[in-house]
Amino acid sequence: MNIRDIAKLAGVSVSTVSKIVNKKDASISNETRERVLKIVHEYNYTPYSATINSATTTGSIGILINSSNYVDQTLNGVIDFAQQKGYSPIVFNSLDDQKQELKNITALCTKQVDGIIWDPINESSLKNLKHIESLGIPLILIGQSEEETSLSIPYEELSYFLTKQLIEKNHKKIACIIGEDKSKEAFISGYKQALFDHNLKFDESMIIHSLDNSINDTIIEKQISGFISGDFFKSIELYNLTMQSSLECPKDYSLLSLRDVTDEKYKNYQDRLSTVPINKNTFGKYVCQSLIDIITKDQEPKLYHQEIVLENVQSIGFPAENQHPTILVVGSVNMDTYLYSSNLPHNGSTNFLSNLSKRPGGKGLNQAIGTAKLGHQVRLIGCVGADSDSNTMFQELKKNGINTEGVSRSEDIETGQAYIFVESSGDSMISILPGANTELSPTTIKDNYHLFSNVGFCLVQTEVPIETVEATCLIAKEKGVKTILKPAASKKIPDSLLRKTDYFVPNEDELSAVCPDFNTIEEKAEHLISKGVNNVIVTLGKQGVFLKNKEKEKYFPAADFSAVDSTGASDAFISALSAYLLRDYCLEKAIRIATYAAGFLVSRDGITNALVDRTTLESFIAKNDPNLLLKD
């Protein structure tokens, strides 16, 4: 603060101020003299301020906070760390008053503090930086500021993360609860950015400043399905308010919140609500350490790093409107390379290719997309590598609306590969390099236990480790989920797994591999039933399908389609079988509908692009077999 600043504030000339502070003011009125002196005292002005010795160390740190109700562990962290390091903290509060803020700055400057930590009221406050910089006092700015060197807890990243968690659970009606501190603008910004990045429209009415019983109506009327909150107290308030209307979290709505770990008052709620912990006390200590580093080492501060970890998933689920049973697929994810020729390769001959193409595939991915195209919510548990193929997989799954929360990346191995030889008749043969599929372990399945909730059918194949298949079927049985098992690339299926299988769907070759000691299809199917399988459904290509269970034994004809590529026909069949069983069709009708879905696939080139959608499938059946779509 210099003499020109005082003159401007007092509305007088510089010479008038000079005369008054040097007591040469006989010609100046008492009113003017008193006004100038009041400002001189308020702003701690001294005509000798320019002679302050910046080399002198006072052992004190100035802390300039701003709040009308400043109860923040950040301040405690600063003070605690300063005192540990032998510094005396001097604290001023601006109380949201910019005039008071300037007075506090000038007071700290005249006290010759070794450094200042400043939380500005707003961006316009930064015009007063000149008073600190002119004296060369080390400074750390904290809070949400446009200054690049300002230190803050990354609220924008935190709210983006919380919003993204809900979006990945298929929430589209997400509200943002904010507190009253300055972090709210950054918190809203991260929320808006997450919506934008996922093609969701921002609605100003979804920013919630305060809560009352009307919030329950918005949940009941499905106007809001999920909340993110930057204020843990308000999260608890919401949780308790909704209980008054018998609304349950996460059954009726989802809630994710930030939580300051230093606030012990509401510790009993931390296991009920899904939260990302932050530590304001640790942040305060980091700020103070950064200032001391400038004072003692002339070292520029580094931005504060906040680890973002979701503590639990207790209060996060799928939207209430999507709570009808879903389909869970556990299985392989591959990059398929198609090799086309007039004949399949055989020993001792050279085979020329007519074409080659690469597409996402694997039985897990195929079945997930197949059921999604038939109108169901689908979750996939699988494993890919950290290569470019994995990005292609995620893009394909996202395009088809598959929930990929259970799809993990392995840093040590590449995405699985499948090499598919297709001859002109439509017949095919496949060689597989499992890759990351081998990393899909029982532990991964257990870690994704929550994905088994509200699931009607679990589709699983043996292109992943057999112990993983067993772990999957075990959890499915615990949760009352029906299992459909495809024994791909397996010569032996443990009896313990067969007992957990509701629908066993091999082709004829796979059936023979699993039951080598029996001759006919009927005998092999009977053997599997004796081992505990509830239903054996054998796909026989052009010969149709065979069903065996304790009540009946029946053959079904194949749908009449010209074959182009038979690869993936069983995936199309299983997708439709599960989709229509989940719609409460009887088993026989579901099988017949599934033969049409398989027929569509073999009449087209490829798999994922050839899988039929519900509208096309049901329109075709309505013209050719209309009674099939009528439920018994």
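Heavy atoms only: backbone and side chains are in, while hydrogens, waters and symmetry mates are out.
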K.L.:
So Lys482 and Cys458, do their side chains get closer than 4.5 Å, heavy atoms only?
P.N.:
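Cys458 vs Lys482: side chains apart.
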
K.L.:
Tell me, please, which residues at least two apart from Glu168 pass salt bridge (Lys or Arg N to Asp or Glu O under 4.0 Å).
P.N.:
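For Glu168, the residues satisfying salt bridge (Lys or Arg N to Asp or Glu O under 4.0 Å) (neighbours in sequence not counted) are Lys164.
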
K.L.:
Mind jotting down which residue pairs meet the salt bridge (charged side-chain N to carboxylate O under 4.0 Å, His left out) criterion with at least one end in residues 587-602? Sequence neighbours excluded, please.
P.N.:
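Qualifying pairs, neighbours excluded: Lys552-Glu588, Lys554-Glu588, Lys589-Asp632, Arg592-Asp625.
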
K.L.:
Pair Lys531, Glu526 - check side-chain contact (heavy atoms from CB on, under 4.5 Å), show working.
P.N.:
CA-CA 9 Å; Lys531 292 292 185 180; Glu526 178 62 38; over 6 Å; no

K.L.:
Tell me the closest heavy-atom pair linking Ala476 and Thr483, and the distance in Å.
P.N.:
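Smallest interatomic distance, heavy atoms only, reads CB-CG2, 3.6 Å.
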
K.L.:
Ignoring hydrogens, what is the shortest heavy-atom contact between Asp336 and Ala418? Give both atom names and the distance.
P.N.:
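That closest heavy-atom pairing would be OD1-CB, 3.2 Å.
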
K.L.:
Roughly how far apart are Cys586 SG and Leu581 CG, rounded to 0.5 Å?
P.N.:
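Going from the SG atom of Cys586 to the CG atom of Leu581 covers 8.5 Å.
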
K.L.:
List the steps, then state whether side-chain hydrogen bond (donor to acceptor under 3.5 Å, both in side chains) holds for Gln377 with Asn170.
P.N.:
CA-CA 9 Å; Gln377 296 288 328; Asn170 293 327; 3.1 Å; yes

K.L.:
So do the side chains of Ile308 and Glu157 get within less than 4.5 Å of each other, counting heavy atoms only?
P.N.:
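Yes; the side chains approach each other to less than 4.5 Å.
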
K.L.:
Determine whether Leu485 and Gln461 satisfy the following criterion, side-chain contact (heavy atoms from CB on, under 4.5 Å), listing intermediate values before the conclusion.
P.N.:
CA-CA 6 Å; Leu485 175 61; Gln461 324 82 33; 5.8 Å; no

K.L.:
Check Lys500 with Glu470, please: is the shortest side-chain N to carboxylate O separation under 4.0 Å?
P.N.:
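Between Lys500 and Glu470 there is a salt bridge, with a charged N closer than 4.0 Å to a carboxylate O.
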
K.L.:
Hey, are the side chains of Cys383 and Val407 touching, using non-hydrogen atoms and a 4.5 Å cut-off?
P.N.:
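They are not in contact (no side-chain heavy atoms under 4.5 Å apart), so the answer is no.
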
K.L.:
What's the separation between atom NZ in Lys486 and atom CZ in Phe573, rounded to the nearest 0.5 Å?
P.N.:
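Lys486 NZ to Phe573 CZ: 9.5 Å, rounded to 0.5 Å.
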
K.L.:
Is the CD atom of Glu307 crowded by more than 12 outside heavy atoms at less than 6.0 Å?
P.N.:
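No, the 6.0 Å shell around CD holds no more than 12 heavy atoms from other groups.
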
K.L.:
Just checking Asn312: does its CG atom have more than 12 heavy atoms from other residues, nucleotides or ligands closer to it than 6.0 angstrom?
P.N.:
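Enclosed: over 12 neighbouring heavy atoms sit under 6.0 Å from CG of Asn312.
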
K.L.:
Are side-chain heavy atoms of Leu528 and Val514 found at a separation under 4.5 Å?
P.N.:
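The answer is yes, as the side chains (C-beta and beyond) meet within the 4.5 Å cut-off.
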
K.L.:
State whether Lys363 and Asp571 are salt-bridged, where the test is any N-O pair (Lys NZ or Arg NE/NH1/NH2 against Asp/Glu carboxylate O) under 4.0 Å.
P.N.:
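Looking at Lys363 and Asp571, the cut-off is met.
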
K.L.:
Before you tell me yes or no, could you show the steps for Leu166 and Ile228 under side-chain contact (heavy atoms from CB on, under 4.5 Å), namely the whole-Å CA-CA distance, both residues' side-chain angles and the distance that decides it to 0.1 Å?
P.N.:
CA-CA 8 Å; Leu166 289 178; Ile228 67 161; 3.8 Å; yes

K.L.:
Filter on salt bridge (charged side-chain N to carboxylate O under 4.0 Å, His left out), then keep only pairs touching residues 406-416, sequence neighbours left out; what's left?
P.N.:
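Of all non-adjacent pairs touching residues 406-416, none passes salt bridge (charged side-chain N to carboxylate O under 4.0 Å, His left out).
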
K.L.:
Which distance, rounded to the nearest 0.5 Å, do you find between the CD1 of Ile327 and the CD1 of Ile484?
P.N.:
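So the CD1 of Ile327 and the CD1 of Ile484 are separated by 7.5 Å.
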
K.L.:
Got a second to check how far Ile219's CD1 is from Leu247's CG, nearest 0.5 Å?
P.N.:
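If we round to the nearest 0.5 Å, Ile219:CD1 and Leu247:CG are 5.5 Å apart.
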
K.L.:
Which residue pairs pass the ring pair (Phe, Tyr, Trp, His ring centres under 6.0 Å) test when at least one of the two sits in residues 445-480, sequence neighbours left out?
P.N.:
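Matches after skipping sequence neighbours: none remain.
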
K.L.:
Ring centres under 6.0 Å, that's the criterion: do Phe600 and Phe561 meet it?
P.N.:
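Yes, close enough.
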
K.L.:
In residues 393-401, what donor-acceptor pairs under 3.5 Å come from side-chain atoms, sequence neighbours left out?
P.N.:
residue: Glu396; atom: OE1; partner: Lys399; partner atom: NZ; Å: 3.4
residue: Asn400; atom: ND2; partner: Glu396; partner atom: O; Å: 2.8

K.L.:
Work out which heavy atom in Arg604 is nearest to a heavy atom in Val612; give both atom names and the distance.
P.N.:
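Taking every non-hydrogen atom into account, NH1-CA, 4.1 Å.
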
K.L.:
Is there side-chain contact between Leu540 and Asn507, with at least one heavy-atom pair below 4.5 Å?
P.N.:
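Not touching, per the 4.5 Å side-chain cut-off.
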
K.L.:
Donor-acceptor pair, distance only, cut-off 3.5 Å: does the side chain of Glu523 make one with the backbone of Asn519?
P.N.:
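Present.
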
K.L.:
What residue pairs, at least two apart or across chains, pass salt bridge (charged side-chain N to carboxylate O under 4.0 Å, His left out) with a residue in residues 432-451?
P.N.:
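The answer is none; no pair qualifies.
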
K.L.:
Testing Asn199, Ile174, Leu162 for side-chain contact (heavy atoms from CB on, under 4.5 Å) with Ile167, which one passes?
P.N.:
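Exactly one candidate clears the test, Ile174.
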
K.L.:
Who passes ring-ring contact (aromatic ring centres under 6.0 Å, His included) against Phe518, sequence neighbours left out?
P.N.:
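Counting only residues at least two positions away or on another chain, Phe518 forms a ring-ring contact (aromatic ring centres under 6.0 Å, His included) with His527.
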
K.L.:
With a 4.5 Å heavy-atom cut-off, do Thr337 and Leu339 have their side chains touching?
P.N.:
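Yes; the side chains approach each other to less than 4.5 Å.
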
K.L.:
Given 3.5 Å as the limit, does a donor-acceptor pair link the side chain of Gln417 with the main chain of Thr415, or not?
P.N.:
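Yes; at least one donor-acceptor contact below 3.5 Å.
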
K.L.:
State whether the side chain of Ser159 and the backbone N or O of Tyr191 hold a donor-acceptor pair below 3.5 Å, judged by distance alone.
P.N.:
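Yes.
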
K.L.:
Got more than 12 heavy atoms from elsewhere within 6.0 Å of NZ, Lys492?
P.N.:
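No, the 6.0 Å shell around NZ holds no more than 12 heavy atoms from other groups.
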
K.L.:
Please, which pairs that meet ring pair (Phe, Tyr, Trp, His ring centres under 6.0 Å) have at least one residue in residues 459-506, sequence neighbours excluded?
P.N.:
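Matches after skipping sequence neighbours: none remain.
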
K.L.:
If you look only at pairs with a residue in residues 385-394, which of them pass as a salt bridge (charged side-chain N to carboxylate O under 4.0 Å, His left out), with sequence neighbours excluded?
P.N.:
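Matches after skipping sequence neighbours: none remain.
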
K.L.:
Within the supplied structure, the quantity of interest is the number of heavy atoms (other residues, nucleotides, ligands) at a distance under 6.0 Å from Glu522 CD; does it exceed 12?
P.N.:
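For Glu522, atom CD is crowded (more than 12 foreign heavy atoms under 6.0 Å).
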
K.L.:
With sequence neighbours excluded, what pairs up with Tyr585 under the side chain to side chain donor-acceptor pair (under 3.5 Å) test?
P.N.:
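None.
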
K.L.:
Out of curiosity, Thr539 OG1 to Glu510 CD, how far, rounded to the nearest 0.5 Å?
P.N.:
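Going from the OG1 atom of Thr539 to the CD atom of Glu510 covers 7.0 Å.
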
K.L.:
How many angstroms lie between atom CZ of Phe421 and atom OG of Ser341, to the nearest 0.5 angstrom?
P.N.:
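Atom-to-atom, Phe421:CZ and Ser341:OG are 8.0 Å apart.
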
K.L.:
After noting the C-alpha distance and the side-chain angles of Thr242 and Tyr253, does the key distance pass the side-chain hydrogen bond (donor to acceptor under 3.5 Å, both in side chains) rule?
P.N.:
CA-CA 9 Å; Thr242 56; Tyr253 68 97; 2.7 Å; yes

K.L.:
Answer yes or no: are there more than 12 heavy-atom neighbours, outside Gln193 itself, under 6.0 Å from its atom CD?
P.N.:
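Yes, because the 6.0 Å sphere around CD of Gln193 holds more than 12 heavy atoms from other groups.
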
K.L.:
Quick one: sort the His198 and Tyr160 rings into parallel, tilted or perpendicular, breaks at 30° and 60°.
P.N.:
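Plane angle between 30° and 60°, so tilted.
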
K.L.:
Pick out which of Val469, Ile381, Thr472 makes a side-chain contact (heavy atoms from CB on, under 4.5 Å) with Leu440.
P.N.:
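The residue from Val469, Ile381, Thr472 that satisfies side-chain contact (heavy atoms from CB on, under 4.5 Å) with Leu440 turns out to be Ile381.
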
K.L.:
For Tyr555, what residues pass the ring-ring contact (aromatic ring centres under 6.0 Å, His included) criterion, not counting sequence neighbours?
P.N.:
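Tyr555: ring-ring contact (aromatic ring centres under 6.0 Å, His included) contacts with Phe546.
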
K.L.:
Applying salt bridge (Lys or Arg N to Asp or Glu O under 4.0 Å), name anything that partners Asp502, two or more places apart in sequence or on another chain.
P.N.:
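If we apply the salt bridge (Lys or Arg N to Asp or Glu O under 4.0 Å) test to Asp502, skipping adjacent residues, the hits are Lys477.
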
K.L.:
Using side-chain heavy atoms (C-beta onward) and a distance below 4.5 Å, is Asn334 in contact with Glu463?
P.N.:
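Yes, at least one pair of side-chain atoms sits under 4.5 Å.
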
K.L.:
Check the pair Ile475, Ile445 against side-chain contact (heavy atoms from CB on, under 4.5 Å), reporting the backbone distance first and the verdict last.
P.N.:
CA-CA 9 Å; Ile475 294 176; Ile445 301 303; 3.8 Å; yes

K.L.:
Evaluate whether atom NZ of Lys550 has more than 12 neighbouring non-hydrogen atoms of other residues, nucleotides or ligands under 6.0 angstrom away.
P.N.:
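Atom NZ in Lys550 is not crowded, with 12 or fewer foreign heavy atoms closer than 6.0 Å.
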
